[in-house]
Colleague: 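Structure in structure tokens, see below.
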2 protein chains.
Amino acid sequence: MRDVAALAGVSLKTVSRVVNREPNVSAPIVAKVTRAVERLNYRHNVGASNLRSRRTGVIGALLQDVSNSFSAGLLRALEDVARQRRHVVLTASLDEEVERERQLVGDLVGRRVDGLILMPATRDHSYLAPDLRAGLRVVFVDREPHGIVTDSVLVDNVTGAFDATRHLLGQGHRRILHLGDLDTIETAHQRQLGYEAALRAAGMRLDPDLVVTGQRTSEMGEEALLRVFDSPSPPTAVFASRNTVAIGAARALRRLGLSHQIALVGFDDFPLADLLEPGLTVVRQDVGLIGRMAADILYARIDGDTSPAERHLVPPKLVLRGSGEIPPRA
Amino acid sequence: MRDVAALAGVSLKTVSRVVNREPNVSAPIVAKVTRAVERLNYRHNVGASNLRSRRTGVIGALLQDVSNSFSAGLLRALEDVARQRRHVVLTASLDEEVERERQLVGDLVGRRVDGLILMPATRDHSYLAPDLRAGLRVVFVDREPHGIVTDSVLVDNVTGAFDATRHLLGQGHRRILHLGDLDTIETAHQRQLGYEAALRAAGMRLDPDLVVTGQRTSEMGEEALLRVFDSPSPPTAVFASRNTVAIGAARALRRLGLSHQIALVGFDDFPLADLLEPGLTVVRQDVGLIGRMAADILYARIDGDTSPAERHLVPPKLVLRGSGEIPPRA
DNA sequence: CTGAAAGCGCTAACAC
DNA sequence: GTGTTAGCGCTTTCAG
């Protein structure tokens, strides 16, 4: 920058003004400086500038796994709003690992990100309190903050699961298997609650044999379903409350030749769900909307919004494609 | 940091040493400093440290679209190797937009990333030459660098398309439709070349009516296929050289009721391709491997490897699942 | 509209 | 093993 100033015959501060597109610099000087910048291949050092100005133009996004379609879609939405501010996004995957979350949060705070989008792996977030007090802006996504107060954008999992289950009940199903993720995961637990509530609303009792949680992968879902169906009175419908598990369930039904006999509803849409045979009925969470909301809230905070933290609930939507509309066998 | 030093009763430099886990600090002092850090909720300012040390611990990843499974998988692989170094990844999507690429490269260079992974939208990369000369390390992924010399990790698209086409020919198909992306996109062009080469190798002539390029989305692929099949002598097989297009083609065949009559091979695998009916035969590119290779090469350069830039070709693999093994109609 | 001086928070290079 | 001095590249404050 010194060299640029010298070549352009102006002061350091003037170069700084031009580079930062500040107003109040005369056009000829802007031109002169710009020319010098190009001639010298000068690259403004954003890091150095941050040191004094206290804003990095970076937001952090700590997601579950950027390679799964939910996290990836979220990231894309965040990126789109960040870009409008000429901000940039630092991402990492947590893989449900508690230690990783704490370490990455520490790292991002150390890098002085202007804000943080967090889809937490931990269940207790009080460790964030000092940073929050120090001015860190955080928006939780998909999972609720515990032990601290901050904004969140959540899917209404209870309602989504309730709707899915009610949909199956409405078609006459009475034996509905719930295949779910680890019950310790908050969203999974809420879906279980929604399932139970729908049964209760229909005046039914919960049959513990029809609840199989702890399914994380499509393989686990597939095997779990095969196990359950190897019984004298198998279910007539399946609610698979995680997308990978729904895929496993679909695969298992295919293997059993029951794709068109057993109803199946999944939670969380994914590409190609409509191309399966039958098309997979799912509860869809609008990732684009969730990401945009989270980013908008984060930027409102960055812009100085000091209203009380809010919990934003995004309603999921039941998308009928065929698999969920199969009636119980006569 | 000054406060920490004061509280611990040591010098600034000693705190710096402890925070950076440098050797040659006595255990009791480390403990004292660590305690002071915790008491004060001190957060090491990585940005300030970078200013002096000239390394940011950040790599940039400019990909096509982080929400598609190819880019997302790549990003995940990059992240995994970066994490082993306690580095972090700055990502953005280019969406084939030339201007965006240049702007983001400029931004990331300004942020002094230690290295850059680039899946370019541009076709001329000479604009990078000054930065390269200034020491920027760049590894190209999926597309070749033009106008500069730097490392790249590419999929052997010609061979992949050749194999796919030969596979169809081997089953007796003679009228094979090639549905491809914009021919101006390098990878798409190479796939067209592979298709042509396979026909030539089988002693066949290229029928221009059987080449439909410019298909970008699944909708376009679907319509294009419907158009082609609305003819007196439709093809008996389809090679869809882009994953979204293959999905559109599968959807179109489904609509025509020809899923089991017409052979279909796609390029680039995606989740659930095996669950379609019939399972979709594809040419698979190993994203995990590509990402790991690119990151390893980038870090080798960062570590000072000055050997000549190399072009690494990853062979794609034909994955048979049924749709590509349908024989031509008698 | 432009510039000079001070300092952001840290680490390199050296001394002790 | 630990401390001191200088300065990374920029922006802030205030003066002109």
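Everything quoted here is computed from the prediction, not taken from an experiment. Residue numbering restarts at 1 for every chain, and letters A, B, ... go by the order of the sequence lines.
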Colleague: Do the side chains of D303(B) and R85(B) get close enough for a salt bridge, i.e. N-O under 4.0 angstrom?
Modeller: yes
Colleague: Between R43(B) and D131(A), is there a salt bridge with N-O shorter than 4.0 Å?
Modeller: yes
Colleague: Check this for me: does any side-chain nitrogen of one of R143(B) and E96(B) sit under 4.0 Å from a carboxylate oxygen of the other?
Modeller: yes
Colleague: Go nucleotide by nucleotide along DNA chain D from the 5' end; which of P23(B) and R43(A) gets its closest nucleotide reached first?
Modeller: P23(B)
Colleague: Considering just the side-chain nitrogens and oxygens of S26(A), establish if one lies under 4.0 Å of OP1 or OP2 belonging to dT2(C).
Modeller: yes
Colleague: Of all the choices, dG3(C), dC10(D), dT11(C), which nucleotide is nearest to the side chain of M1(B) once you look at every atom?
Modeller: dT11(C)
Colleague: Against Y42(B), only a single residue in V33(B), V19(B), D3(B) fulfils side-chain contact (heavy atoms from CB on, under 4.5 Å); can you say which?
Modeller: V19(B)
Colleague: With respect to the phosphate group of dC10(C), does any side-chain polar atom (N or O) of S53(B) fall under 4.0 Å of OP1 or OP2?
Modeller: no
Colleague: Please state whether the base of dG3(C) and the side chain of R17(A) form at least one donor-acceptor pair under 3.5 Å?
Modeller: yes
Colleague: To the nearest angstrom, how far is R112(B) atom CZ from dG9(D) atom C1'?
Modeller: 9 Å
Colleague: What's the OH-P distance between Y42(B) and dG9(C), to the nearest Å?
Modeller: 10 Å
Colleague: Can you measure H44(B) atom NE2 to dC10(C) atom C1' for me and round it to whole angstrom units?
Modeller: 6 Å
Colleague: Flag the pair R76(B) and D95(A) as a salt bridge only when some basic side-chain nitrogen lies within less than 4.0 angstrom of an acidic carboxylate oxygen.
Modeller: yes
Colleague: With a cut-off of less than 4.0 Å, is there a side-chain N or O of N20(B) near OP1 or OP2 of dT11(C)?
Modeller: yes
Colleague: How many Å lie between CG on N45(B) and C1' on dC8(D), as a whole number?
Modeller: 13 Å
Colleague: Between dG9(C) and R54(A), is there an OP1 or OP2 to side-chain N/O distance shorter than 4.0 Å?
Modeller: yes
Colleague: Rounded to whole Å, please give me the gap between CZ in R21(A) and P in dT11(D).
Modeller: 13 Å
Colleague: Can you see if the side chain of N24(A) gets near the phosphate of dC1(C) - specifically, an N or O under 4.0 Å from OP1 or OP2?
Modeller: yes
Colleague: At under 4.0 Å, does any side-chain N or O of S16(B) touch on OP1 or OP2 of dC10(C)?
Modeller: no
Colleague: So V46(B), base contact, sugar-phosphate only, or nothing? Heavy-atom distance under 4.0 Å.
Modeller: nothing
Colleague: Please state whether the phosphate of dG9(C), meaning OP1 or OP2, lies under 4.0 angstrom from any side-chain nitrogen or oxygen of S49(B).
Modeller: no
Colleague: Can you tell me the distance, in whole Å, between the CG atom of L12(B) and the P atom of dA6(D)?
Modeller: 15 Å
Colleague: Of all the choices, dT2(D), dT2(C), dT12(D), which nucleotide is nearest to the side chain of K13(A) once you look at every atom?
Modeller: dT12(D)
Colleague: Take atom CZ of R55(B) and atom C1' of dC8(D), then tell me their distance rounded to the nearest Å.
Modeller: 15 Å
Colleague: Just compare dT2(C), dC8(D), dC10(C) and give me whichever is closest to any side-chain atom of T14(A).
Modeller: dT2(C)
Colleague: With heavy atoms under 4.0 Å as the rule, sort I29(B) into base, sugar-phosphate or nothing.
Modeller: sugar-phosphate
Colleague: Does any donor-acceptor pair link the side chain of R52(B) with the base of dG7(D) at a separation under 3.5 Å?
Modeller: yes
Colleague: Distance check needed: dT2(C) C1' versus E22(A) CD, whole Å only.
Modeller: 12 Å
Colleague: Using 4.0 Å as the upper bound for N to carboxylate O, is an ion pair formed by D107(B) and R111(B)?
Modeller: yes
